[in-house]
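Single-structure report; data block below.
In what follows, chains carry the letters A, B, and so on, assigned in the order in which the sequence lines appear, proteins first and then strands, with residues in each chain numbered from 1. Since we're looking at a predicted model, the values are computed, not measured.
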Amino acid sequence: MMMLGSPLPRAFFARPPDEVARELLGKLVIRRHSGEPLAGRIVEAEAYFGADDPAAHAFAGRTARTEVLFGPPGHAYVYLVYGMHYCLNVSCEPEGQAGCVLIRALEPVAGLAVMAAQRGLAGGSVMADGSVMGAAVPVRLLASGPGRLCQALGITRPAHNGLDVCDAGSELVFAEDGLPLPDIEVGPRIGIRKAVDRPARFWVRGNSFVSC
DNA sequence: AAGCGGATCGTCT
DNA sequence: GACGATCCGCTTG
C-alpha cells in the first residue's frame with residue numbers, strides 16, 4: 001500500500017505514455033517551494049509518443065529542446081508555447097525511448113490563494129472607498145488548461161525542465177493520492193494539427209475542472 | 001454563447 | 001523567417 005502523498009515510483013513512468021496518462025488521472029502534482037506547498041489533482045492528460053507520432057515534439061528527433069524526452073522516465077519536460085505559456089509534461093518509457101504525458105488540467109487541492117495570486121485572479125474588486133467587494137475566486141479557472149496550471153503553480157522551463165518528479169525532495173513531485181481510479185473517458189487530443197484522430201486524451205468523466 | 005484576433009519568443013527550416 | 005500541445009478580452013448575435 002503506497003503512502004498518501006508519496007512520490008510515484010519511477011517504474012510507473014517506464015511504460016507507454018497512453019498507459020501512464022490514463023493512470024495519472026487522480027494522482028497529485030505537488031509544487032514545493034519556500035512557502036506552503038501547492039497541489040492539484042490531475043483530471044485531464046494527453047499521451048505523446050515517439051517516432052510514430054507526428055504530433056509529438058520527439059517526432060523530429062533528439063534536439064537540445066527535446067533531450068528530456070529521450071532521457072530516463074519520471075522527469076519534467078517543460079516547454080514554451082506561443083511565446084507566452086509553459087506546458088508541463090512528464091517523460092515516459094525506458095531511457096533512450098521517447099514519450100511523455102502532457103498535464104492538461106488540475107483540480108486545485110492546496111494553496112488555492114497563492115495559485116489565484118499567481119494567475120492574477122486574486123479576486124475581489126477594489127471600490128472607490130477602498131473597500132473590496134467579495135467576488136469569489138473562480139476556482140474552476142485556476143489550473144484548467146496546460147498554460148493555466150503552469151502559471152498557477154509557478155512552473156517554468158528555466159526552473160523546472162528536467163527535474164526528477166519521483167524525488168520527494170524535488171520542487172516538483174508527482175504523488176499518490178490514495179483514491180481509487182476514477183471513471184475515465186478517452187478522445188482525440190486538443191490543439192494539434194497532426195495525428196488528430198489518435199485517441200490519446202484522457203479525462204475524468206464529469207469532472208468540472210477538465211479544460212473542455 | 002460563440003467566434004475572432006492579438007500577444008510574444010524559442011526552436012527549427 | 002514561420003510557426004506553434006494557449007489564453008484572454010472584445011466583438012457579435
Atom [atom1] of [X] to atom [atom2] of [N]: distance rounded to whole Å?
X: A/K194; N: C/dA5; atom1: NZ; atom2: P; value: 7 Å
X: A/Y82; N: B/dT8; atom1: OH; atom2: C1'; value: 13 Å
X: A/R65; N: C/dG4; atom1: CZ; atom2: P; value: 11 Å
X: A/R157; N: B/dC9; atom1: CZ; atom2: C1'; value: 13 Å
X: A/E67; N: B/dT11; atom1: CD; atom2: C1'; value: 15 Å
X: A/H85; N: B/dG6; atom1: NE2; atom2: C1'; value: 11 Å
X: A/L69; N: B/dT11; atom1: CG; atom2: P; value: 13 Å
X: A/L121; N: C/dC7; atom1: CG; atom2: P; value: 13 Å

Test side chain to side chain donor-acceptor pair (under 3.5 Å) on A/H57 and A/Y77 and set out the steps. CA-CA 11 Å; A/H57 288 177; A/Y77 171 58; 2.7 Å; yes
Quick one: which of A/L106, A/L149, A/V173 gives a side-chain contact (heavy atoms from CB on, under 4.5 Å) with A/V29?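 With A/V29 as partner, side-chain contact (heavy atoms from CB on, under 4.5 Å) holds for just one option, A/L106.
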In terms of side-chain heavy atoms of [X], which of [options] is nearest?
X: A/H57; options: C/dA5, B/dC9, C/dG4; answer: C/dA5
X: A/R119; options: C/dC7, B/dC12, C/dA5; answer: C/dC7
X: A/R148; options: C/dC7, B/dC9, B/dT11; answer: C/dC7
X: A/M84; options: B/dT8, C/dC7, B/dG10; answer: B/dT8

How is A/R189 classified with respect to the nucleic acid when contacts are heavy atoms under 4.0 Å: base, sugar-phosphate, or nothing?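 It contacts nothing in the nucleic acid.
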Heavy atoms under 4.0 Å, any strand shown: does A/A60 hit a base, just sugar-phosphate, or nothing?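 Touches nothing.
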Heavy-atom neighbours of A/D197 CG exceed 12 at 6.0 Å: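 Check fails, neighbour count at 12 or below.
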Examine the base of C/dA5 for any acceptor or donor lying under 3.5 Å from a partner atom in the side chain of A/Y79, and report the outcome as yes or no.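 Donor-acceptor pair under 3.5 Å: yes.
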Do A/R157 side-chain atoms and A/V78 backbone N/O form a donor-acceptor pair below 3.5 Å?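 Yes, because the side chain of A/R157 sits within donor-acceptor range (under 3.5 Å) of the backbone of A/V78.
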Strictly distance-based, threshold 3.5 Å: is any side-chain N or O of A/R201 a donor or acceptor partner for the main-chain N or O of A/E44?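 It does not hold such a pair.
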Please tell me which of A/G83 and A/A64 maps to the more 5' nucleotide of DNA chain B, matching each residue to the nucleotide holding its nearest heavy atom.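 Here A/G83 is the residue nearer the 5' end.
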Considering heavy-atom distances to DNA chain C, does A/Q151 or A/I190 have its closest nucleotide positioned more toward the 5' end?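 The residue closer to the strand's 5' end, by nearest nucleotide, is A/I190.
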Pairing nucleotide - B/dG6, Watson-Crick or G-U, each distance under 3.5 Å: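 By the stated definition (distances under 3.5 Å), C/dC7 pairs with B/dG6.
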For B/dT11, does either OP1 or OP2 sit under 4.0 Å from a side-chain N or O belonging to A/T63?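 Result: no.
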Stacking of A/Y48 on C/dA5 base (centres under 5.5 Å, planes under 30°):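 So A/Y48 counts as stacking on the base.
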